[in-house]
Number of protein chains: 2
Amino acid sequence: VTSSDTFLETLSTTRAIRRFRPEDIDEEDLTRMFFAATRAPSASNRQNFRFLVLPRDGSARRARELLGAEYRRCWQAKSQRDGYDIAARDRQSRSGRMSSAMDAFVADFENIPLVVLPCLIRYKPASPLEGASVYPACQNLLLAARALGYGGVLTQWQVGVEPELRAELSIPDDIAIAGVIALGRPKGSHGPVRRLPLPQLVFESAWDRPAPWATDPDGARFSGAGPATARG
Amino acid sequence: VTSSDTFLETLSTTRAIRRFRPEDIDEEDLTRMFFAATRAPSASNRQNFRFLVLPRDGSARRARELLGAEYRRCWQAKSQRDGYDIAARDRQSRSGRMSSAMDAFVADFENIPLVVLPCLIRYKPASPLEGASVYPACQNLLLAARALGYGGVLTQWQVGVEPELRAELSIPDDIAIAGVIALGRPKGSHGPVRRLPLPQLVFESAWDRPAPWATDPDGARFSGAGPATARG
């Protein structure tokens, strides 16, 4: 096992964590995580990404409460719309387990060990391409967290409370809020990362033409894509 | 040195590579890189990211030529607009070195060992937030490449030739082209990753209020942000 094997193994097994143990993240680990996150690339190396950390206590509490209420509202709506409420009746199914993890995630949102708003300073009009300057840094943060024994998830249900959140945290209008990252020590085991078969994800020379070398390794675990209803 | 130290070190030293040695990427390494890339998260785990690989030879050649011509045009325009053409007169300055790396990058675009179009299947209207479902996978790809001894860069100058590129590669209208990733064996040394000081990038509890624990480690290298003119 070489160091590149270990690196790829960590990359390939970092999955969304939505249940957290109660303890805080060590300050030294926070420093290391955010240093690694901010080494990520951005367009023209403008480094226009920023991370706004919301601790559990202190003056960020109100922002946490705004988000918590909105996350509970959004999850209830999505759960009904996408069939997770029905899927949840089978607690052994993947959709059922996902549903119960989400229930816990939103119920205790205010007490997630760390909540982080990844932000982007806009120097030109909003665009679907601008995420290239903030989401690589988000992924670095989640990977660095994993390497240090933590876990987390990037979510985007802040949209419905953005005006209140901006006012509460003094976020100027030209700053985009790219999402909400939850971080902490995982509760329970990570479980495998499952994805679609590689030939469905990697093409060569034309759209929808599978790359001949894009084959899954032995033991790869597969899943359908998307919410419960999409899985039939 | 623990494995988490090694992991964070690799995360923190992965930088944009724009000069490549001529050799192809081993097929086995390609498989591993794209497997790791596609373990990245996406909104609701829809896995709506796709990678379309453009080899140097064969039927993707015409798409390479379209991109190559456009990249030369875009770099010439940016070079003048952002003052890289003037910065280039001092070949020892950072802007001057960047400028000469870009000259080589666009001049030999058609022969970059691997060119990849990261794409996104849109299931709802285009949005600045949608990048959360494709740029984490791009970052995983660049990190996996680095771990295996390769390097690369994510760029976004495809916009000006999108209609021709879509026609050439049969990319449907509901697919967003998120950028263009170049990959290969780096020519020369990597050089350090330089960023703004951490207190300028990480805030706590309110916008622009530096997090007290956000301090750079000894030996961190700093840089200004953005193009040559922005640096004065």
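A quick note: this is a predicted structure, and the numbers were derived from the prediction, not measured. Numbers restart at 1 for each chain; the letters A, B, ... are given by sequence-line order, proteins then strands.
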Item to check | B:Arg195 versus A:Asn45, side-chain donor and acceptor atoms under 3.5 Å | outcome: yes

Checklist outcome for this item: Heaviest contributor of heavy-atom pairs below 4.5 Å to chain A, chosen from B:Gly131, B:Pro128, B:Ala176, is B:Pro128

Next on the checklist: Determine whether a donor-acceptor pair (N or O, by modelled atom type, separation under 3.5 Å) exists between the side chain of A:Arg15 and the backbone of B:Ala40.
Outcome noted: no

Checklist entry - Atom CG in A:Asn140, atom OG in B:Ser12: separation rounded to 0.5 Å? => result 7.5 Å

Checklist entry - Between atom CD of B:Glu130 and atom OG of A:Ser127, what is the distance when rounded to the nearest 0.5 Å? => result 8.5 Å

Next on the checklist: Using 0.5 Å steps for rounding, measure from the CZ atom of A:Phe7 to the CG atom of B:Leu148.
Outcome noted: 9.5 Å

Item to check | Per-residue contact mode, B:Ala132 against chain A (heavy atom under 4.5 angstrom) | outcome: both

Next on the checklist: Please give me the minimum heavy-atom distance between A:Thr31 and B:Trp213, naming the atom from each residue.
Outcome noted: OG1-O, 2.7 Å

Checklist entry - Out of B:Ser4, B:Pro136, B:Ala60, which one racks up the most heavy-atom pairs below 4.5 Å with chain A? => result B:Pro136

Item to check | Side-chain (A:Glu27) to main-chain (B:Ala214) donor-acceptor, under 3.5 angstrom | outcome: no

Checklist entry - Is a donor on one side and an acceptor on the other found under 3.5 Å between the side chain of B:Gln139 and the backbone of A:Cys138? => result no

Next on the checklist: If the condition is side-chain contact (heavy atoms from CB on, under 4.5 Å), which residues does B:Gln200 pass it with, not counting sequence neighbours?
Outcome noted: B:Leu196, B:Pro197

Checklist entry - Is it the side chain or the backbone of A:Tyr123 that comes within 4.5 Å of chain B heavy atoms, both, or neither? => result neither

Checklist entry - Relative to chain B, which segment of A:Arg64 carries a heavy atom at a distance below 4.5 Å: side chain, backbone, both, or neither? => result neither

Checklist entry - What distance do B:Asp82 atom CG and A:Ser44 atom OG have between them, rounded to the nearest 0.5 Å? => result 6.5 Å

Checklist entry - Hey, what do you get for CD (A:Gln156) to CG (B:Leu129), rounding to the nearest 0.5 Å? => result 4.5 Å

